[in-house]
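Here the structure is laid out as structure tokens; the discussion comes afterwards.
The structure displayed is predicted, hence computed values, not measured ones. In what follows, every chain begins at residue 1, and chains take the letters A, B, ... in the order their sequences are listed.
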Amino acid sequence: MSLRGRLAILLGLIGATAVAIGVAPGVREGQWGAGLDALPTEVAGWTSTAGAPEWALPVDPNEKAAVRRTYRRAGQVLWVSVALFAREDDPKRRGSIDRIFPEANTSRIDRVAIPVILNGAAPVRLPAVVGYKQGGPLAVVYWRQLGRRVYGGDYRYRLALMREILFRRQADAMLVRLGIPAESGGALEDALSLVSEIAPPLYAALAPIATSSRAERGHP
Amino acid sequence: MPVSPSAPWIPLGAGVAAILGIYAPVVPAMVAEWAAFPNLSHGFAIPFIAAYLIWARRERIAREALGSSPLGLPLVVLGLAALALGSLGGEPFLARVSLPVMLLGTVLFLAGARVARHVWAGIGFLLFMIPLPYLMLKSLTYQFQLVDAGASARALSWLGVPVFQEGVFLHLPGVTLEVASVCSSVPAIAALTALGAAYGQMRPRPTWLRAALIVAAAPLGFLSNIVRITLTAVSVYYFGPVALDNVIHKFNGTTVFLMTVVLLVALDAVMLRLATRHRPR
């Protein structure tokens, strides 16, 4: 094939790619039909008050909406944050991994995975980030949701988000975090064991929020 | 009608121009990241070094007859697919990393393997300008923070400075230093590996020597950073926290970086001499 012929093929391919990128429907922002007040004030014997300390569960400026509550039971305390992120296809609007757990004044950060059965099916391995601070270790357990699907691992979530953007043109996600100070629950293992107690009812309560955005577009 | 000797190169130029056009939306965000993060600032130098690496071989390129390689078109298709997936899927790394793939595919497709043999190093060098995905970079940086703190604590003990390491903290008498993310070895290793790769291409060398320069740059970058952290801690121990605010500390990184470059050049000179001495006659 002549050089001109090869150039024509190259320019054709580049043009076709440019058109494919240019004419793809834009990613639309969900309406989040159900409100974050679905987060229960009482769960599994824990009672709560509004708010959670920012030093434990940092606020992300990209949150479209969020609710934070402090749960207490018999001298134990844990904090819950549920944040909604819209249009995570745009890296500038994406939830930051720098704001999932507090890093300042933390001498060491360990990562462990806790298997938790959230929806009565197979266990999901949720990441627990344990930061060692002067006041004692703080564990932040978190998961992300695209609809009702739960993602514990960061890389798996990013792959799922990419698939969501490519095939559904949606990029709305929910980040659920549980902050557990180890000193209030005794040993770190005891503190982390609280997750399997409180996470499933939280997941169930949050399901209407997670599904509302896509139900409006015919993706129940 | 006489045909200009540059005429066959015009289609290649047109192909590269079309590539630059389709990548125009991808580049500004990457440049913004180079500007925003000091760890990535070496990215500004990479395109110029890559261009120089190709320019330096212009005479050899000009002597080659144009052809076409069967590898070219699949690489072009792969690069464009990655660009489309990355652009439409909100994954800038994928879109960015497809640029060198596209450029190499285009050269192979339009000019052939003989020309590609002279430009692949310059095109491949562009990979150094692409920031790693932040998830990966963050995890890598933290692991290096821990290793750097441990190695620096050991060096300080050898130098007789009392130190207690707690994770990324170095507790000295009366002051605690943190080996923060910006202090980790990752930026030094990234910059020096790029430098080693470019330096190795600057003049004719055996391939094993080029590879050795790239491989040696990583431990030298790590070593330079340990020296930097240790010098900072020693100066803080003897002169107090004021040592953190003065010019010596601020230019410490540059000084150690330059020292490492000198080491790299010296290493190259020694290996080059060894290679010459043992060359079969």
* Asked: For the atom pair CD1 (Ile19(B)) and CG (Leu10(A)), what is the distance rounded to the nearest 0.5 Å?
  ->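 The distance works out to 5.5 Å.
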
Closest approach of [X] to [Y] (non-hydrogen atoms, all atoms of both residues):
X: Ser107(A); Y: Tyr142(B); result: O-OH, 4.2 Å
X: Gly89(B); Y: Ile165(A); result: O-CD1, 3.4 Å
X: Leu13(A); Y: Val76(B); result: CD1-CG1, 4.1 Å
X: Asp98(A); Y: Lys138(B); result: OD1-NZ, 2.7 Å
X: Ile14(A); Y: Ala18(B); result: CD1-CB, 3.8 Å
X: Ala84(B); Y: Thr17(A); result: CB-CG2, 4.2 Å

In terms of heavy-atom contacts, does [atom1] of [X] have more than 12 from other residues, nucleotides or ligands at under 6.0 Å?
X: Arg93(A); atom1: CZ; answer: yes
X: Trp34(B); atom1: CH2; answer: yes
X: Arg154(B); atom1: CZ; answer: no

Checking [X] against chain A: side chain, backbone, both or neither under 4.5 Å from a heavy atom?
X: Leu85(B); answer: both
X: Met136(B); answer: both
X: Leu135(B); answer: both
X: Val77(B); answer: side chain
X: Val168(B); answer: both
X: Leu94(B); answer: side chain
X: Pro92(B); answer: side chain

* Asked: Hey, which of Pro25(B), Ser87(B), Pro133(B), Ser68(B) has the most heavy atom pairs under 4.5 Å with chain A?
  ->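 The answer is Ser68(B).
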
* Do you know which of Met102(B), Gln145(B), Glu166(B), Gln165(B) has the most heavy-atom pairs under 4.5 Å to chain A? ->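 When all of Met102(B), Gln145(B), Glu166(B), Gln165(B) are compared, Glu166(B) has the most.
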
* To do: Check whether any side-chain N or O of Tyr132(A) sits under 3.5 Å from a backbone N or O of Gly167(B) as a donor-acceptor pair, and report yes or no.
  =>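 No; judged by distance alone, with no hydrogens or angles, the pair does not exist.
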
* **Partner chain B: residue of Ile97(A), Thr106(A), Asp89(A) with the largest heavy-atom pair count (under 4.5 Å)** =>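 The answer is Ile97(A).
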
* Which of Ile109(A), Val27(A), Asn105(A), Leu11(A) touches chain B most, by non-hydrogen pairs under 4.5 Å ->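 The option with the most such pairs is Ile109(A).
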
Let me know if [X] has heavy atoms under 4.5 Å from chain B in its side chain, its backbone, both or neither.
X: Arg94(A); result: side chain
X: Tyr155(A); result: both
X: Ala20(A); result: backbone
X: Asp90(A); result: neither
X: Glu88(A); result: neither

* Asked: Side-chain contact, heavy-atom cut-off 4.5 Å: Leu88(B) with Arg169(A)?
  ->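 Heavy-atom side-chain distance check passes, below 4.5 Å.
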
